[in-house]
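As structure tokens, the structure follows; a few thoughts come after it.
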Amino acid sequence: MNLRDTHVALADFVTAHFPFGEIRRAQLDLRHRGLFSHNAVRPAPLFPGHYLPPVTPDVSQPSVDKAAVAQVLRDIALLLQLQGESGYRVRAYDMGADRIAGLPQELGPLVAEGRLESLPGIGPALAEKISELVTTGRLGYYEELKAKFPAGLLELVKLPDIGPKKVAVLWRELDVGSVEDLERACREGRVRQLRGFGEKSEAKILEGIAVFRRARGERKLLGEVMPVAEALLEQVKASPGVVRASLGGSVRRRAETVADVDIIASAPDPGPVLDALANAPGVATVLGKGGSKCSVRMIQGDLQVDLRVLPDEDYATALHHFTGSRAHHIRLRNLGHERGLKISEWGVHREDGTKVTVSDEAALYSLLDMQYVPPELREDNGEFEAAREGTLPQDLVTLEDVQGAVHAHSTWSDGKHSLEEMARAAQALGLKYLTVTEHSQAAIYAGGMKVEDLKRQWDEIDRINAAIPEVRLLKGIEVDILEDGALDYPDSVLEQLELVIGSIHVRHGMDEEQMTRRLLTALDNPHLHILGHPTGRLIQNREPYPVRMEEILERAAERGVTIEVNGKPARLDIKAEYVRQAVKLGVRLVVSCDAHRQEDLRNLAYAVATARRGWARKSDVLNTLPADRFLAALRARR
DNA sequence: GCCGTTTTCGGCCCGACTGTTTTCAGTCG
């Protein structure tokens with residue numbers, strides 16, 4: 001293992017050993033102490049002058065991906081607003097950004113074949129600009145626009161309660177061009193002199209700057225936010241008079257990362273419900289509270305939570321409205337419009353103004369002659385077409401379908417809890433089996449198991465299985481896929497195991513050709529049952545390694561290899577888009593927890609969410625089967 | 001800037017909340 005590998009392995013090690021909520025704090029902490037640099041988790045130079053190559057992918061070949069194009073379009077929208085352009089023109093760029101960011105396919109072919117304008121919301125002007133950006137790597141129009149304003153101005157709109165209009169005034173009147181300028185202007189009492197600003201605005205801006213510096217406007221991992229959100233939802237549900245309550249927004253859609261938490265509740269009197277959130281444990285600040293809304297910021301992670309309380313007759317339409325996504329809504333409202341129905345958060349109204357009773361979300365969809373669309377699918381990625389044809393899958397996998405937890409470590413390698421403790425935790429969750437898959441010998445940094453230790457572990461597994469008959473521990477391994485695609489144990493060992501997960505942990509820096517060959521070789525190995533975290537990404541921390549994923553999925557289908565949907569919040573690997581491709585190709589899946597401690601068994605929920613976002617049904621997911629049938633299915637290799 | 005079995009021109013989602021205002025503008029979702 002060379003130096004670079006050590007660093008990649010270290011990144012994995014850090015994420016494995018800090019509970020997900022602590023990862024970023026740990027990084028920030030280390031960063032402040034000068035041990036880690038800005039983005040990747042990697043050590044500082046060992047001694048002065050010693051240069052460590054970055055672990056992030058090679059950027060020598062410029063490539064403009066969907067996310068980058070969407071970002072440029074969003075920046076243009078902002079800059080146009082600063083310039084005082086028409087709001088509709090601004091919105092066109094914003095909607096274009098949404099459309100591009102949400103594309104299931106890659107941009108390259110669309111540009112090459114001139115099919116950009118076939119996308120709704122993309123007209124001639126946007127198509128031309130996107131083409132220029134994708135083919136040349138830059139966009140003249142954007143450069144010109146940017147040159148008119150100081151670079152720090154775009155940062156300013158990320159501050160709470162500061163939008164383009166206020167930024168424009170601050171810049172024009174006070175020459176404020178950055179967060180630092182704004183902070184100085186507030187401290188010197190110059191902002192309060194502007195029309196539309198006052199003393200309170202100054203104080204709020206300063207507070208906002210402090211929060212911004214702490215959180216850097218980052219989105220948080222779903223798994224980091226979910227426990228806080230669910231606890232608050234329970235508080236709301238328990239408050240006086242509540243009829244119904246639910247999480248909304250991107251949390252309810254189970255997006256990979258979320259910016260904040262929405263809660264929607266119905267009650268005859270909103271007051272006590274709003275108070276319940278304002279007074280909930282863990283609340284740092286009440287940002288605002290009115291007759292029907294309350295916003296708070298939590299101590300944990302500067303997370304913002306918004307609660308809305310309405311009469312129960314408006315609950316279903318409000319819940320639907322605040323679940324989103326924006327793109328899904330636009331389509332839904334258009335469909336309503338075709339039927340003479342006006343759909344808004346306040347309900348469904350006929351053209352004559354009379355209100356249509358909508359008791360729940362299912363009723364809303366049936367009004368439009370379509371199947372119910374589960375929240376995870378509401379992205380305008382084909383769910384409308386399917387739901388109108390009646391071909392939307394109705395049996396998406398659920399957490400209750402899952403019979404066994406896949407991918408668990410114990411103190412035999414780098415886990416925190418013993419095998420027995422893991423088995424007890426699985427039993428408490430009602431799981432029927434748990435696959436024990438420690439690291440293999442090459443994973444020295446993670447206490448990978450030597451071949452000679454396996455026998456002793458199997459003896460222990462036999463003892464625990466006898467003692468806890470409700471949960472069956474399955475004898476497996478998470479074997480390293482070596483640089484040449486070979487597995488880290490000889491065949492004679494692999495064939496004694498009940499199941500084999502193969503994963504890449506080192507040498508992430510290979511190019512696309514090498515990495516694709518490495519994985520294809522592993523898939524051809526008849527002893528491999530499951531390909532673990534196939535793209536190696538760590539959300540907001542490490543890019544996936546370069547690999548031709550479609551080829552991998554096709555080979556997996558051909559060879560009967562099962563693909564892992566890893567539920568660790570920082571991984572979610574493979575991601576939902578690939579799940580959808582895999583399902584189309586007939587690839588079989590497992591939802592996994594990648595557990596390194598008892599609590600991690602709950603990661604199964606995030607794996608299930610990712611599978612659902614990729615339209616996976618119960619029948620696509622092997623660990624919905626009882627243990628014997630699960631093993632038989634895994635081992636049916638081709 | 002985009003879009004059209006109402007339209008190639010004239011629409012485009014809109015209400016709550018806050019802080020600034022004496023009736024409203026900006027931001028947010």
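In this text, all values refer to a predicted model and were calculated from it rather than measured experimentally. Here is the naming used below: chain letters follow the sequence lines, and residue numbers restart at 1 for every chain.
- Other residues, nucleotides and ligands contribute only 12 or fewer heavy atoms inside 6.0 Å of the NZ atom of A:Lys165.
- Taking atom C1' on both nucleotides, B:dG15 is separated from B:dC9 by 29 Å, rounded to a whole Å.
- Distance, A:Asp94 CG to B:dG29 P: 13 Å, rounded to whole Å.
- At the heavy-atom level, A:Glu199 lies under 4.0 Å from the strands shown only through sugar-phosphate atoms.
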**Request:** Using the side-chain hydrogen bond (donor to acceptor under 3.5 Å, both in side chains) rule, take A:Gln71 and A:Asp75 through it: C-alpha gap first, then chi angles, then the decisive distance, then the call.
**Result:** CA-CA 6 Å; A:Gln71 190 54 54; A:Asp75 282 354; 3.1 Å; yes
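- Interatomic distance, CG of A:Leu377 versus CD of A:Gln371, reported as 10.5 Å (0.5 Å rounding).
- Residue A:Arg252 contributes atom CZ, which lies 19 Å from atom P of B:dG29 at whole-angstrom precision.
- Map A:Lys200 and A:Pro160 each onto its nearest nucleotide of DNA chain B; the residue landing nearer the 5' end is A:Lys200.
- Shown here are the salt bridge (Lys or Arg N to Asp or Glu O under 4.0 Å) partners of A:Lys237, two or more places apart in sequence or in another chain: there are none.
- On the C1' atoms, B:dG11 is 9 Å away from B:dT7, given to the nearest whole Å.
- Spacing between atom CZ of A:Phe197 and atom P of B:dT18 amounts to 18 Å, rounded to whole angstrom units.
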Please tabulate, for the side chains in residues 277-292 of chain A, all donor-acceptor contacts under 3.5 angstrom to protein atoms that are two or more places apart in sequence or on a different chain.
from, atom 1, to, atom 2, distance (Å)
A:Asn279, ND2, A:Asp275, O, 3.1
A:Lys289, NZ, A:Asp275, OD1, 2.7

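- One interatomic measurement links the two molecules: CD1 of A:Ile264 to C1' of B:dG29, which rounds to 11 Å at whole-angstrom precision.
- Listed by residue number, the members of residues 282-296 of chain A with any heavy atom below 4.0 angstrom from DNA chain B are A:Gly288, A:Lys289, A:Gly290, A:Gly291, A:Ser292, A:Lys293.
- Nucleotides B:dC12 and B:dC17, compared at atom P, are 25 Å apart to the nearest Å.
- With both pairing distances under 3.5 Å, B:dT27 is matched to B:dA16 as a Watson-Crick or G-U wobble pair.
- A:Leu194 comes within 4.0 angstrom of nothing in the nucleic acid, heavy atoms only.
- A salt bridge links A:Asp314 with A:Lys355; the closest basic N to acidic carboxylate O contact falls under 4.0 Å.
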**Contact state string [nucleotides 1-8 of chain B, B base, S sugar-phosphate only, - no protein heavy atom under 4.0 Å]** = BSS--B--
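- The salt bridge (charged side-chain N to carboxylate O under 4.0 Å, His left out) analysis of residues 376-390 of chain A, with sequence neighbours excluded, yields the pairs A:Arg99-A:Asp380, A:Arg253-A:Glu379, A:Arg331-A:Asp380, A:Arg331-A:Glu385, A:Glu361-A:Arg378, A:Glu376-A:Arg612, A:Glu379-A:Arg613.
- B:dG26 and B:dT21 have their C1' atoms separated by 12 Å, given to the nearest Å.
- Using the six-membered ring where Trp is involved, A:Trp171 and A:Phe149 have ring planes that are tilted, between 30° and 60° apart.
- B:dT6 sits 23 Å from B:dC2 when the P atoms are compared, rounded to a whole Å.
- As rounded to the nearest Å, B:dT23 and B:dG19 have C1' atoms that lie 14 Å from one another.
- Around the CZ atom of A:Arg602, the shell of radius 6.0 Å holds no more than 12 heavy atoms that belong to other residues, nucleotides or ligands.
- The separation between A:Ile330 atom CD1 and B:dC14 atom C1' is 13 Å, rounded to whole Å.
- Atom C1' of nucleotide B:dC28 and atom CG of A:Leu307 are separated by 16 Å, given to the nearest angstrom.
- Between A:His321 and A:Arg308, the one whose closest nucleotide on DNA chain B sits nearer the 5' end is A:His321.
- In this entry the distance linking NZ of A:Lys204 with C1' of B:dC28 reads 11 Å, nearest Å.
- Note: NZ (A:Lys158) to P (B:dG29) measures 15 Å, nearest angstrom.
- Within 4.0 Å of A:Ser344, counting heavy atoms only, lies no atom of the nucleic acid at all.
- As judged by a 4.0 angstrom heavy-atom cut-off over every strand, A:Arg326 is placed among residues making no nucleic acid contact.
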Output side-chain donor-acceptor pairs under 3.5 Å for residues 114-130 of chain A, partner residues at least two apart or in another chain, one line each.
from, atom 1, to, atom 2, distance (Å)
A:Arg115, NE, A:Glu113, OE1, 2.7
A:Arg115, NH2, A:Glu113, OE1, 2.8
A:Ser118, OG, A:Arg115, O, 2.5
A:Lys129, NZ, A:Tyr93, OH, 3.3

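- Other residues, nucleotides and ligands contribute over 12 non-hydrogen atoms within 6.0 Å of the CD atom of A:Gln394.
- B:dT20 and B:dT27 have their C1' atoms separated by 13 Å, with the value rounded to a whole Å.
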